[in-house]
Amino acid sequence: MIDLIFPDGSKRQYDDGATGKAVAASIAPSLAKRAALVKLDGELLDVDQPLPHGGHFEILTRDSLEALETLRHDASHIMAEAVQELFPGTQVTIGPSIEDGFYYDFARDEPFSLDDLAKIEQRMKEIVDRDEPIRREVWKRDEAIAHFKSIGEAYKAEIIEGIPASEDVSVYYQGQWKDLCRGPHFPSTKFVGKAFKLTKLAGAYWRGDHRNAQLQRIYGTAWSSEAELEAYIHRIEEAERRDHRKIGRAMDLFHLQEEAKGMIFWHPKGWTLFRTLENYMRRRLDDDGYVEVKAPQLMDRELWEKSGHWQKFSHAMFTCETEEGEVLAVKPMNCPGHVQIFNHGQKSYRDLPLRMAEFGACHRYEPSGALHGIFRVRGFTQDDAHIFCREDQIEAESTKFVRLLESVYRDCGMELHAVKLALRPELRFGDDGVWDVAEKKLERAARNAGIAHVEMLPGEGAFYGPKLEFHLRDAIGRTWQCGTLQLDYVLPERLDAEYVAEDGSKQRPVMLHRAICGSLERFLGVMIENFAGAFPLWLAPVQVTVATITSDADDFARKAAAALRARGLRVETDLRNEKINLKVREHSLAKVPVIAVVGRREADLGQVALRRLGSDGQQVLDLAEAVNLLALQASPPDVARSAGGAESQSPGAVGAMEAG
RNA sequence: GCCGCCAUAGCUCAGCCGGUAGAGCGGCGCAUUCGUAAUGCGUAGGUCGGGUGUUCGAGUCACCCUGGCGGCACCA
C-alpha cells in the first residue's frame, strides 16, 4: 500500500501499482477524464503510470500552468508524427519544449519549405482530432538501440547509446507512432488542443556542434487556449515594433550600410544619445574611483602573441601590414593596452586597487551571420576597465562592481534578466588549481552582492579566466550579455605586470576585467527597445520642442528656446506655418518628451504650455519657471541624486557638497 | 560561417500563371496664421540589390554574387 497526501492535506491509501488515473477516478470520474498529468512529490508523471511510491500527490489538468511545458512537449511529438507521416524517410532527433513553445530537429535531405509548415500544422490538427492514446513502454537499452537502428533512426540510436548500459529507456507510443522520450506526456493527443502555430524554420547542428550534420529545426508556439495563442502573437507583433533597427531609422539615430557592415554610422540624434550615455558612465566611473585612459588602436602583432590573443583570437582580429613589414592588429579588446600603461613606471601596493577605465573602440571580425543591428557589430565601444588588485581585494572589488552595475542598470531603466558564470573553456591558459580558485571567487562575489541565482555555463569562460555575465533582454525576449566581470590571473603573468609589496618583494597583481554596458552600442540598442524610443528626459536626443501656434509667437518661441538652451537643454523650435495639431502629432511621433507650445496668449504673458509625451494635458508656466523645472527634470539620475542631497541643505551649493 | 527565407520609389508594401511598374506615408510647391496626434490642392521620385542564363520578351523563371531577416554555430 502507498499513502498519498492530497493538496487539501487529506491522506488516503492506495494499492501498490495504482495509477494516477485510478486515484483520480476514486475521487471523481470526471476528474479521471480531465487528468492530464500527476505530480508526486514534485515530480510530474503520466496519469497511466503506476505510482512508484507514496507522497504528496496532485492531479493536474491541461490548463494548469505546470502542465504547459508538457503540452508544448507533446506538441513537438505531434509535429514529429505529422512530419514523418507527410515526409517518409525523415529522421527524428530531439524535440523539447522551450519558452513559449517547442521545436523539433529533423534530418531530411530535402529542405522543408514554408508551405510545408502549413501542411504540417494541418496534419497536427488531424492527429489531435484522432485523439491517439499516448502510452509509455520501458525497453531494454540494447534492444532499443537495435530497434531504432532497424527502422533507420540513426540519431535516436545514437542518443540511446549515450545512456548508461545498465539503464532502461522509455518509449512513448502515440497511436502507431513512437518516439524515445523521457516523458511525461498527456494521456492522448486530444489533450494538447489546437492552440498552436508553427512559427519558423531554421538550421541547427546535431548536438549543437558545427562540425556535425546540420538538421532542420521547426519552431512552434503552443498554449492551452486559443485566446492565449492570440495574445502571444499580438505580444510578438507589438514587440517587433520596438525593434531598435526600426526605431533607429524612424528616429534618425543611425544607419548601417554594406560598405561597412557591422559598423555603425551614428547620426546627430543617435550620437547625442551615445554621448549622453558615455558622459553619464564617465561620471559614474569617476565617482567610483576609476582613472580613465586611452590606449592605441593598433598594436604590433608581437604584443598580441605575448598576451595570448594571437593564438586564441587572431581569426577575429583585423590586421594590416605596413610598408616596412610590421604586422599591426586593430585592438579587439583593451586589456593588453591597459597592462602596458600599468607597467609603465613601478607600481606599489599602495597604488592598488588601480581601476583603469577606457571607452575603448574595439573591432572584431564577427561571423557575418552573427551581426545583428547594433547589438552585435564589428566595431563597438566598450565601457571597459581593468582593476589591478591584490588577491585579497578581489572580493571587495567584485562586490563594489556589482553594486555599481546594478545602480547603473536602475538609472537606465534596465532590468537585469540573468546572471551567468562562464566556467573554464577547453582552450585556456593557467593551471586547474588557479581556475578552481578563480571560479569560486566569482561565484562568491555574485552571492555576496545579493544575486540569488547564477546559471553555470561550463566551457564558456575566457581563455584567461572565468566570466560573470550580466544579461539583459531585448524587445522580443532574446537575451544579450552586457555587463561582465572576469577574473584573470593569466594576463598579468604573460605580460609581466608587477607591483612592489610592503616587504619590498615584487608581486603579480590580479586583473579584474569588467564592463557594465558591455558595449555602449549594444546597451543603447537594448535601451532603445526597452523604452520603445520614448527616452526619459535626460536621455532624449531632443528634449524639448518649442512649437508655435501662429507666427505672432515666433519671437517669444525663439527666446524661450534660447533660455532653455542656456540651461543645457537640447531644444528645437518648430516655427512652421502649420497647425498646432500637426506639430503635436509629429513631435509626439518623434518621441520628443516635452512640447512647449506657445501661442499668442503665452507670448503676451511670457508663458509656455508644456505638453508631456504620452499625456494630453498641459501645464502652463511662466518661462523662467518652466526653464527651472525642465532643467531640474533633465538632470541625469546621478546628477540629480547629488544635487538633491545638496539642495536639501543649501540650494546652489552642489559643488561644495561634492568636495566633501 | 551553416540552414531557410527575403531584396520593387526616402519608408511600409502591392504587382497572379513572364509582355517594359502601382498605392499609402514621406518629400517638394502653392494656398491656409488655423489653439494641442494628420488643412486643402498640386507635383516630383523606382527600371525593380548586382550579374549570368532561359525566352521574341523577365521585377515576375533558373543559377551565381552581395546584403538583410530568423535560427544554428561563434561571441576573448
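Note on naming: letters A, B, ... go to the chains in the order of the sequence lines (proteins, then strands), and numbering restarts at 1 for each one. This one's a predicted model, so the numbers in the text were calculated from it and none came from an experiment. Values below: all heavy atoms of this structure, side chains included; hydrogens, waters and symmetry mates excluded.
In this structure, the NZ atom of A:K591 is 17 Å from the P atom of B:A37, given to the nearest Å.
For B:A37, the OP1/OP2 oxygens have a side-chain nitrogen or oxygen of A:R611 closer than 4.0 Å. Listed pair A:R249 / B:U12 meets the phosphate criterion, a side-chain N or O lying under 4.0 Å from OP1 or OP2.
In this structure, A:Q486 reaches the sugar-phosphate backbone alone: every heavy-atom distance under 4.0 Å involves primed, P, OP1 or OP2 atoms, never a base. At the heavy-atom level, A:L256 lies nowhere under 4.0 Å from the strands shown. A:E259 comes within 4.0 angstrom of nothing in the nucleic acid, heavy atoms only. Residue A:I580 is classed as a sugar-phosphate contact, given heavy-atom separations below 4.0 Å to backbone atoms only. Backbone-only contact: A:K467 has heavy atoms under 4.0 Å from sugar-phosphate atoms and none from a base. Across all strands shown, A:A609 has heavy atoms under 4.0 Å from base atoms, whether or not it also approaches the sugar-phosphate. Base contact: A:P332 has a heavy atom under 4.0 Å from a base atom. A:A547 comes within 4.0 angstrom of no nucleic acid atom, judged by non-hydrogen atoms across all strands.
Side chain to side chain, A:E302 and A:W310 fail the donor-acceptor criterion of an N or O pair below 3.5 Å. For A:H363 and A:R378, the side-chain atoms include no donor-acceptor pair closer than 3.5 Å. A side-chain N or O of A:Q257 and one of A:H255 form a donor-acceptor pair less than 3.5 Å apart.
Side-chain to base pairing of A:N577 with B:U32: one donor and one acceptor N or O lie within less than 3.5 Å of each other. Residue-to-nucleotide contacts include no donor-acceptor pair under 3.5 Å from the side chain of A:E586 to the base of B:G26.
In this structure a side-chain-to-backbone donor-acceptor pair under 3.5 Å is missing from A:Y155 to A:F106. For A:R514 (side chain) and A:T484 (main-chain N/O), no donor-acceptor pair under 3.5 Å exists by modelled atom type. Of the possible polar contacts, none joining the A:D622 side chain to the A:E625 backbone as a donor-acceptor pair under 3.5 Å is found.
Residues A:G614 and A:S113 both approach RNA chain B. Their nearest nucleotides, taken by heavy-atom distance, put A:S113 toward the 5′ side.
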Could you write out RNA chain B as dot-bracket? Rules: Watson-Crick or G-U wobble, both distances under 3.5 Å, brackets [ ] for crossings, | for pairs with another strand, dot for unpaired.
(((((((..((((.....[..)))).(((((.......))))).....(((((..]....))))))))))))....
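Closest to the side chain of A:E602, out of B:U36, B:C5, B:A37, is B:U36. For A:R522, whose side chain is taken as the heavy atoms from C-beta onward, the closest listed nucleotide among B:C75, B:A38, B:C5 is B:C75.
Of the residues in residues 95-112 of chain A, those lying under 4.0 Å from RNA chain B by heavy-atom distance are A:P111.
Remark: aromatic rings of A:Y464 and A:H513 are close, center separation under 6.0 Å. Not less than 6.0 angstrom separates the ring centroid of A:W223 from the ring centroid of A:F196. Proximity of the aromatic rings of A:F102 and A:Y104 is defined here by a centroid distance below 6.0 angstrom, and this criterion is not met. Ring-centre distance between A:F112 and A:F87: below the 6.0 Å cut-off. Not less than 6.0 angstrom separates the ring centroid of A:F429 from the ring centroid of A:Y489.
Against the 90° criterion about 0, the sugar-base torsion of B:G26 places it in the anti range.
On the C1' atoms, B:G19 is 37 Å away from B:C3, given to the nearest whole Å.
Between A:S307 and A:L491 the shortest side-chain heavy-atom distance falls below 4.5 Å.
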Can you give me the N/O atom pairs linking the protein to nucleotides 66-73 of chain B at distances under 3.5 Å, or say none if there are none?
| residue | atom | partner | partner atom | Å |
| --- | --- | --- | --- | --- |
| B:U66 | O2' | A:E258 | OE1 | 3.0 |
| B:G67 | OP1 | A:K261 | NZ | 2.8 |
| B:C69 | OP1 | A:R245 | NH1 | 2.9 |
| B:G70 | OP1 | A:R245 | NH2 | 2.9 |
| B:G70 | OP1 | A:R478 | NH1 | 3.3 |
| B:G70 | OP2 | A:R245 | NH1 | 3.3 |
| B:G70 | OP2 | A:H372 | ND1 | 3.3 |
| B:G70 | N2 | A:L201 | O | 3.4 |
| B:G71 | OP1 | A:R478 | NH1 | 3.3 |
| B:G71 | OP2 | A:R478 | NH1 | 3.2 |
| B:G71 | O3' | A:Y219 | OH | 3.1 |
| B:G71 | O2' | A:Y219 | OH | 3.1 |
| B:G71 | N2 | A:G203 | O | 3.4 |
| B:G71 | N2 | A:Q214 | NE2 | 3.4 |
| B:C72 | O4' | A:G203 | O | 3.1 |
| B:C72 | O2' | A:Y205 | N | 3.0 |
| B:A73 | O2' | A:H210 | ND1 | 3.1 |

